[in-house]
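Step one of this worksheet: look at the structure below.
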Amino acid sequence: MVLPLTYFGNPILRQKGEPVLEITPELEQFIKDMFETMEKYRGIGLASQQVGRPIQLTVIDIRPVEDRPSTLELDGEEADPHSIMPLVLLNPEIEPLAAEVSGPEGCLSFPEIYGDVSRPEKIRVKALNERNEPVEFVCGGLLARCVQHETDHLHGILFTDRMDRDTKAELRDELDVLQKATKAILAEAAEADSDQ
Ligand code: ZN
(Lines give C-alpha, C1' and ligand atoms only; values in the text may rest on other atoms or scores of the structure.)
Protein backbone atom coordinates (compact mmCIF):
# COMPACT_ATOMS: atom_id res chain seq x y z
CA MET A 1 0.00 0.00 0.00
CA VAL A 2 1.30 3.44 -0.90
CA LEU A 3 1.34 5.59 2.23
CA PRO A 4 0.63 9.34 2.31
CA LEU A 5 3.79 11.44 2.54
CA THR A 6 4.32 14.12 5.15
CA TYR A 7 5.62 17.48 3.96
CA PHE A 8 7.78 20.26 5.37
CA GLY A 9 5.68 22.11 7.94
CA ASN A 10 4.30 18.88 9.45
CA PRO A 11 5.58 18.69 13.05
CA ILE A 12 6.11 14.93 12.77
CA LEU A 13 9.19 15.61 10.62
CA ARG A 14 10.73 17.26 13.69
CA GLN A 15 10.10 14.30 15.99
CA LYS A 16 12.98 12.10 17.07
CA GLY A 17 12.10 8.49 16.29
CA GLU A 18 11.62 5.89 19.00
CA PRO A 19 14.12 3.03 18.66
CA VAL A 20 12.66 -0.11 17.10
CA LEU A 21 12.90 -2.94 19.61
CA GLU A 22 10.89 -5.67 17.92
CA ILE A 23 10.04 -6.75 14.37
CA THR A 24 6.34 -7.53 14.40
CA PRO A 25 4.29 -8.72 11.39
CA GLU A 26 2.71 -5.26 11.41
CA LEU A 27 6.16 -3.67 11.13
CA GLU A 28 7.10 -6.06 8.30
CA GLN A 29 4.04 -4.87 6.40
CA PHE A 30 4.92 -1.25 7.18
CA ILE A 31 8.42 -1.80 5.71
CA LYS A 32 6.85 -3.23 2.52
CA ASP A 33 4.53 -0.22 2.35
CA MET A 34 7.49 2.13 2.78
CA PHE A 35 9.28 0.54 -0.19
CA GLU A 36 6.11 0.76 -2.28
CA THR A 37 5.75 4.43 -1.33
CA MET A 38 9.40 5.22 -2.07
CA GLU A 39 9.18 3.55 -5.49
CA LYS A 40 5.95 5.32 -6.38
CA TYR A 41 7.48 8.73 -5.63
CA ARG A 42 10.83 7.75 -7.17
CA GLY A 43 12.91 8.31 -4.06
CA ILE A 44 16.12 6.50 -3.14
CA GLY A 45 15.52 6.78 0.60
CA LEU A 46 12.52 7.15 2.88
CA ALA A 47 12.37 7.64 6.65
CA SER A 48 9.39 6.56 8.75
CA GLN A 49 8.71 10.19 9.80
CA GLN A 50 8.00 10.91 6.13
CA VAL A 51 5.03 8.56 6.24
CA GLY A 52 3.79 9.77 9.60
CA ARG A 53 5.44 7.44 12.09
CA PRO A 54 8.24 8.66 14.38
CA ILE A 55 10.35 5.51 14.79
CA GLN A 56 13.96 4.80 13.85
CA LEU A 57 13.38 3.01 10.57
CA THR A 58 14.53 3.92 7.09
CA VAL A 59 14.47 2.16 3.73
CA ILE A 60 17.03 2.86 1.00
CA ASP A 61 17.53 1.76 -2.59
CA ILE A 62 20.05 3.74 -4.62
CA ARG A 63 19.89 1.47 -7.69
CA PRO A 64 17.68 3.80 -9.78
CA VAL A 65 20.41 6.49 -9.76
CA GLU A 66 23.08 5.59 -12.30
CA ASP A 67 25.09 8.80 -12.61
CA ARG A 68 26.23 9.25 -8.99
CA PRO A 69 28.67 6.59 -7.77
CA SER A 70 28.74 4.90 -4.37
CA THR A 71 31.38 2.79 -2.62
CA LEU A 72 30.92 -0.04 -0.14
CA GLU A 73 33.23 -1.98 2.17
CA LEU A 74 32.06 -5.10 3.97
CA ASP A 75 34.45 -6.57 6.56
CA GLY A 76 37.24 -4.38 5.15
CA GLU A 77 36.74 -5.69 1.60
CA GLU A 78 35.47 -3.62 -1.31
CA ALA A 79 32.00 -4.74 -2.36
CA ASP A 80 29.34 -3.84 -4.89
CA PRO A 81 27.01 -1.25 -3.27
CA HIS A 82 24.10 -2.82 -5.16
CA SER A 83 24.72 -6.10 -3.33
CA ILE A 84 23.13 -4.74 -0.12
CA MET A 85 20.14 -3.13 -1.89
CA PRO A 86 17.33 -2.76 -1.00
CA LEU A 87 18.44 -1.74 2.46
CA VAL A 88 16.40 -1.55 5.67
CA LEU A 89 18.10 0.18 8.60
CA LEU A 90 16.72 0.17 12.14
CA ASN A 91 18.26 2.40 14.81
CA PRO A 92 21.23 3.37 12.58
CA GLU A 93 24.39 4.89 14.04
CA ILE A 94 26.93 6.74 11.93
CA GLU A 95 30.62 7.38 12.40
CA PRO A 96 32.25 9.87 9.97
CA LEU A 97 35.45 8.58 8.34
CA ALA A 98 36.33 11.38 5.91
CA ALA A 99 36.09 15.12 5.38
CA GLU A 100 32.83 16.73 4.28
CA VAL A 101 31.99 17.20 0.63
CA SER A 102 29.20 19.30 -0.82
CA GLY A 103 26.61 17.67 -3.08
CA PRO A 104 23.06 18.13 -4.33
CA GLU A 105 20.15 16.66 -2.38
CA GLY A 106 16.40 16.50 -2.65
CA CYS A 107 13.77 15.09 -0.30
CA LEU A 108 10.32 13.58 -0.85
CA SER A 109 9.02 15.84 1.93
CA PHE A 110 10.19 18.90 -0.08
CA PRO A 111 8.80 18.37 -3.62
CA GLU A 112 10.80 20.16 -6.35
CA ILE A 113 13.21 21.70 -3.83
CA TYR A 114 16.90 20.90 -4.26
CA GLY A 115 20.06 22.27 -2.71
CA ASP A 116 23.68 21.47 -1.90
CA VAL A 117 24.49 19.97 1.49
CA SER A 118 27.93 19.24 2.99
CA ARG A 119 28.37 15.84 4.62
CA PRO A 120 31.26 13.46 5.36
CA GLU A 121 32.15 11.64 2.14
CA LYS A 122 32.68 8.31 3.86
CA ILE A 123 31.00 6.83 6.94
CA ARG A 124 30.71 3.66 9.00
CA VAL A 125 27.12 2.54 9.57
CA LYS A 126 25.92 0.26 12.36
CA ALA A 127 22.26 -0.73 12.49
CA LEU A 128 19.83 -3.62 12.65
CA ASN A 129 18.22 -5.00 9.52
CA GLU A 130 14.63 -6.13 8.91
CA ARG A 131 15.43 -9.50 10.50
CA ASN A 132 16.69 -7.78 13.66
CA GLU A 133 20.29 -8.79 12.79
CA PRO A 134 23.17 -6.36 13.37
CA VAL A 135 24.67 -4.96 10.16
CA GLU A 136 27.84 -2.94 9.78
CA PHE A 137 29.37 -1.44 6.64
CA VAL A 138 31.51 1.43 5.39
CA CYS A 139 30.14 3.44 2.50
CA GLY A 140 30.97 6.48 0.41
CA GLY A 141 29.53 8.64 -2.33
CA LEU A 142 25.80 8.71 -2.94
CA LEU A 143 25.06 5.85 -0.53
CA ALA A 144 26.87 7.65 2.32
CA ARG A 145 24.95 10.84 1.55
CA CYS A 146 21.65 8.98 1.44
CA VAL A 147 22.22 7.09 4.72
CA GLN A 148 23.13 10.36 6.45
CA HIS A 149 20.12 12.21 5.03
CA GLU A 150 17.76 9.44 6.19
CA THR A 151 19.40 9.00 9.61
CA ASP A 152 18.98 12.75 10.12
CA HIS A 153 15.23 12.33 9.47
CA LEU A 154 15.08 9.71 12.25
CA HIS A 155 16.34 12.41 14.63
CA GLY A 156 14.04 15.15 13.38
CA ILE A 157 16.78 16.87 11.35
CA LEU A 158 16.01 18.03 7.80
CA PHE A 159 18.41 18.62 4.90
CA THR A 160 17.57 22.31 4.90
CA ASP A 161 19.03 22.50 8.45
CA ARG A 162 22.41 21.53 6.99
CA MET A 163 22.41 23.92 4.04
CA ASP A 164 24.66 26.95 4.16
CA ARG A 165 23.17 30.38 4.64
CA ASP A 166 23.27 31.35 0.93
CA THR A 167 21.64 28.13 -0.28
CA LYS A 168 18.91 28.46 2.31
CA ALA A 169 18.34 32.12 1.46
CA GLU A 170 17.86 31.17 -2.19
CA LEU A 171 15.22 28.60 -1.23
CA ARG A 172 13.54 30.76 1.45
CA ASP A 173 10.45 31.69 -0.60
CA GLU A 174 9.82 28.14 -1.83
CA LEU A 175 10.24 26.79 1.71
CA ASP A 176 7.82 29.35 3.14
CA VAL A 177 5.19 28.52 0.52
CA LEU A 178 5.49 24.79 1.20
CA GLN A 179 5.42 25.22 4.97
CA LYS A 180 2.32 27.42 4.85
CA ALA A 181 0.52 25.05 2.47
CA THR A 182 1.28 22.06 4.72
CA LYS A 183 0.08 23.88 7.83
CA ALA A 184 -3.13 24.99 6.08
CA ILE A 185 -3.88 21.39 5.02
CA LEU A 186 -3.21 20.09 8.55
CA ALA A 187 -5.42 22.80 10.09
CA GLU A 188 -8.23 21.94 7.67
CA ALA A 189 -7.94 18.24 8.49
CA ALA A 190 -7.98 19.00 12.25
CA GLU A 191 -11.10 21.12 11.82
CA ALA A 192 -12.86 18.41 9.82
CA ASP A 193 -11.98 15.95 12.62
CA SER A 194 -13.37 18.19 15.35
CA ASP A 195 -16.64 18.67 13.39
CA GLN A 196 -17.40 14.95 13.54
ZN1 ZN B 1 14.42 13.46 3.11
Side-chain angles (χ1 to χ4, degrees), residues 2 5 8 13 17 31-32 34-51 56-131 133-155 157-168 170-171 174-175:
V2 173
L5 290 173
F8 179 55
L13 289 173
I31 291 170
K32 277 188 199 152
M34 281 182 71
F35 275 114
E36 217 178 305
T37 307
M38 182 172 79
E39 277 156 31
K40 156 126 178 136
Y41 292 102
R42 299 177 185 278
I44 57 169
L46 185 69
S48 52
Q49 276 80 350
Q50 294 181 277
V51 287
Q56 291 201 30
L57 161 62
T58 178
V59 299
I60 289 171
D61 194 343
I62 56 160
R63 288 176 294 183
V65 177
E66 288 168 0
D67 56 348
R68 296 177 68 187
S70 299
T71 60
L72 177 69
E73 287 167 40
L74 293 172
D75 301 321
E77 303 274 327
E78 244 178 73
D80 176 5
H82 287 194
S83 68
I84 58 166
M85 298 295 137
L87 191 57
V88 177
L89 298 176
L90 306 170
N91 318 328
E93 287 173 28
I94 286 171
E95 178 194 341
L97 298 177
E100 289 191 355
V101 287
S102 180
E105 288 186 24
C107 179
L108 293 180
S109 295
F110 295 75
E112 309 296 325
I113 293 176
Y114 302 93
D116 284 350
V117 179
S118 286
R119 300 187 188 272
E121 206 277 330
K122 193 174 172 183
I123 55 170
R124 182 186 309 280
V125 182
K126 290 180 185 173
L128 295 171
N129 67 13
E130 68 276 28
R131 291 179 295 279
E133 300 158 345
V135 289
E136 181 175 339
F137 57 90
V138 170
C139 62
L142 179 66
L143 179 56
R145 181 167 292 283
C146 184
V147 170
Q148 291 177 86
H149 177 116
E150 300 312 327
T151 301
D152 271 352
H153 271 300
L154 305 184
H155 296 274
I157 299 166
L158 301 172
F159 77 141
T160 46
D161 301 342
R162 297 205 186 270
M163 287 174 181
D164 66 29
R165 195 183 292 258
D166 289 349
T167 308
K168 214 170 165 184
E170 264 170 46
L171 295 173
E174 286 171 80
L175 291 171

Can you check whether [X] reaches [Y] side chain to side chain, under 4.5 Å on heavy atoms?
| X | Y | result |
| --- | --- | --- |
| M34 | V51 | yes |
| D61 | I44 | no |
| Q56 | L90 | no |
| I123 | L97 | no |
| N91 | L57 | no |
| F8 | I113 | no |
| S109 | L5 | no |
| L46 | L108 | yes |

Approximate separation, where rounding is to 0.5 Å, of [X] [atom1] and [Y] [atom2]:
| X | Y | atom1 | atom2 | answer |
| --- | --- | --- | --- | --- |
| C107 | L13 | SG | CG | 7.5 Å |
| M38 | Q50 | CE | CD | 10.5 Å |
| E39 | T37 | CD | OG1 | 9.0 Å |
| Q148 | R145 | CD | CZ | 7.5 Å |
| L171 | D166 | CG | CG | 11.0 Å |
| H155 | E150 | NE2 | CD | 12.0 Å |

Minimum heavy-atom separation for [X] and [Y], please, with both atom names.
| X | Y | value |
| --- | --- | --- |
| A127 | P92 | CB-CA, 3.8 Å |
| E36 | V2 | OE2-N, 3.9 Å |
| P120 | P96 | CG-CB, 3.8 Å |
| T160 | K168 | O-CD, 3.5 Å |

Spell out, as yes or no, whether a donor-acceptor pair under 3.5 Å connects the side chain of [X] to the backbone of [Y].
| X | Y | value |
| --- | --- | --- |
| S70 | G141 | no |
| S102 | S118 | no |
| E93 | K126 | no |
| T167 | M163 | no |
| E133 | L128 | no |

Open item on the list: Please determine whether side-chain contact (heavy atoms from CB on, under 4.5 Å) holds for the pair S48 and T58, giving the CA-CA distance in whole Å, both sets of side-chain angles, and the decisive distance to 0.1 Å.
Closed with: CA-CA 6 Å; S48 52; T58 178; over 6 Å; no
Using distance only, find each side-chain donor-acceptor pair of residues 79-89 under 3.5 Å and give its atom names and separation, not counting sequence neighbours.
{"from": "D80", "atom 1": "OD1", "to": "H82", "atom 2": "N", "distance (Å)": "2.9"}
{"from": "S83", "atom 1": "OG", "to": "D80", "atom 2": "O", "distance (Å)": "2.5"}

Open item on the list: Determine whether E73 and K122 satisfy the following criterion, salt bridge (Lys or Arg N to Asp or Glu O under 4.0 Å), listing intermediate values before the conclusion.
Closed with: CA-CA 10 Å; E73 287 167 40; K122 193 174 172 183; 3.2 Å; yes
- [ ] Please name all residues satisfying salt bridge (charged side-chain N to carboxylate O under 4.0 Å, His left out) with R119, sequence neighbours left out, ordered by chain then number.
- [x]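 Applying salt bridge (charged side-chain N to carboxylate O under 4.0 Å, His left out) to R119 gives E105, D152.
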Task: Results of ring pair (Phe, Tyr, Trp, His ring centres under 6.0 Å) for H149 - residues two or more places apart only - done: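 Only H153, F159 meet the ring pair (Phe, Tyr, Trp, His ring centres under 6.0 Å) criterion with H149.
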